[in-house]
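Down below is the structure, laid out as structure tokens.
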Amino acid sequence: MESVWVFIALIPKIGAIILKSMNGSSASHIGEWYCEQVDKVLIEYGPEHFGAIVSDNGGGCARGRRLVTDKYPQLLGHRWTPPASSASSAELWLQTDIVCLSRCMMHGFALTMGSVFAHPWAAGILKACKAIFTTVTKSHNLRAWLKEQIKQLKKLPGYKHLTWLVQVATIRFTTMYNCMKSVLDLQLALTDDQCGQRTQGTADQQ
């Protein structure tokens, strides 16, 4: 699995714009590499146009964010003395703290969902869905049969949305939901008697 990094700018009244994307799979020291890449983006577009930098709080990103903060204290507010302004010192320091503490909301949500899926009840369901995915994808005959089932089911009203089974990626909490949903959506095909016979045959071969 490759490590793809995308730098996105959020601009008021415009929205999100992709500034740059790259493959970071070969990076050995994520913190330093992250700081170097952010520095290139800031130099290209001008640090004066940025109000904050947001990333997840993984070890490499956290270190990279600290390195960027040390290099651009006037941008991120780290150890920054507020300039003279009509605003009160308290208001300026509050703004500084908000910028300094910028974090990725989805990273925090992913950690929360990880705890939810770690509950025995949810973990059991996810484990069963993973087993279904593994069993189907490891059997050539079963995989081909299920693809044909999906093709036929999509001809029926209400089944046009059917897609193939989704694999779980541990660091992507949305794949946990998508995996379980794909199994639920294919319930009609997966509970078919022929599917059960083919699954048993696959298990016997293994």
Side-chain angles (χ1 to χ4, degrees), residues 1-8 10 15-16 18 21-27 30-31 33-34 53-65 101-154 156-203 205-206:
M1 183 180 295
E2 295 184 339
S3 176
V4 178
W5 293 67
V6 181
F7 294 82
I8 300 174
L10 296 177
I18 296 179
S21 64
M22 65 191 68
N23 190 328
S25 302
S26 60
I30 295 298
W33 180 85
Y34 173 87
I53 295 176
V54 182
S55 72
D56 67 29
N57 204 35
C61 287
R63 171 170 171 72
R65 193 171 56 243
L101 295 176
S102 295
R103 298 290 186 272
C104 177
M105 179 184 70
M106 292 308 296
H107 180 70
F109 186 67
L111 296 176
T112 301
M113 293 306 298
S115 298
V116 171
F117 283 116
H119 186 279
W121 176 78
I125 296 176
L126 187 60
K127 182 179 179 180
C129 292
K130 287 181 178 179
I132 291 173
F133 176 88
T134 301
T135 301
V136 170
T137 54
K138 281 189 175 181
S139 168
H140 174 75
N141 291 335
L142 186 55
R143 184 169 62 249
W145 177 84
L146 186 56
K147 285 183 178 179
E148 180 60 27
Q149 284 288 89
I150 293 174
K151 181 179 178 180
Q152 297 302 322
L153 284 172
K154 291 179 74 170
L156 301 176
Y159 287 93
K160 295 186 181 298
H161 67 286
L162 289 182
T163 59
W164 186 246
L165 295 170
V166 177
Q167 185 177 16
V168 172
T170 305
I171 60 173
R172 297 289 181 263
F173 73 91
T174 52
T175 63
M176 299 180 188
Y177 167 79
N178 290 333
C179 174
M180 293 186 286
K181 186 177 186 302
S182 67
V183 171
L184 183 62
D185 286 345
L186 293 173
Q187 182 178 12
L188 182 60
L190 293 170
T191 54
D192 185 276
D193 288 341
Q194 292 186 50
C195 183
Q197 293 170 9
R198 292 170 184 268
T199 303
Q200 184 61 46
T202 301
Q205 293 174 10
Q206 294 176 346

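When a residue number appears, it is its place in the shown sequence, counting from 1.
- Closest non-hydrogen pair, Cys179 versus Val168, comes out as CB-CG2, 3.5 Å.
- Here the shortest heavy-atom pairing between Leu165 and Ser182 reads CA-OG, 3.7 Å.
- Taking every heavy atom of both residues into account, Trp164 and Thr137 meet most closely at NE1-CG2, 4.2 Å.
- The aromatic rings of Trp5 and Tyr34 lie tilted to each other, with the angle between the two planes from 30° to 60°.
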Check: residues 114-127 side-chain donor-acceptor pairs under 3.5 Å, at least two apart:
unit_1	atom_1	unit_2	atom_2	d
Ser115	OG	Leu111	O	3.3
His119	ND1	Trp121	N	3.0

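- Rounding to the nearest 0.5 Å gives a distance of 14.5 Å between CZ of Arg143 and CD of Glu148.
- Applying the 6.0 Å contact sphere to CD1 of Ile18 captures no more than 12 heavy atoms from other residues, nucleotides or ligands.
- The side chain to side chain contact (heavy atoms under 4.5 Å, CB included) with Ile150 is formed by just one residue from the set Lys154, Gln152, Lys147; it is Lys154.
- To the nearest 0.5 Å, atom CD of residue Gln187 and atom CG of residue Leu153 are 11.5 Å apart.
- Residues forming a salt bridge (charged side-chain N to carboxylate O under 4.0 Å, His left out) with Lys181 (at least two apart in sequence, or on another chain): Asp185.
- Other residues, nucleotides and ligands place no more than 12 heavy atoms under 6.0 Å from the NE2 atom of His140.
- More than 12 heavy atoms of other shown residues, nucleotides or ligands fall within 6.0 angstrom of atom CZ in Phe133.
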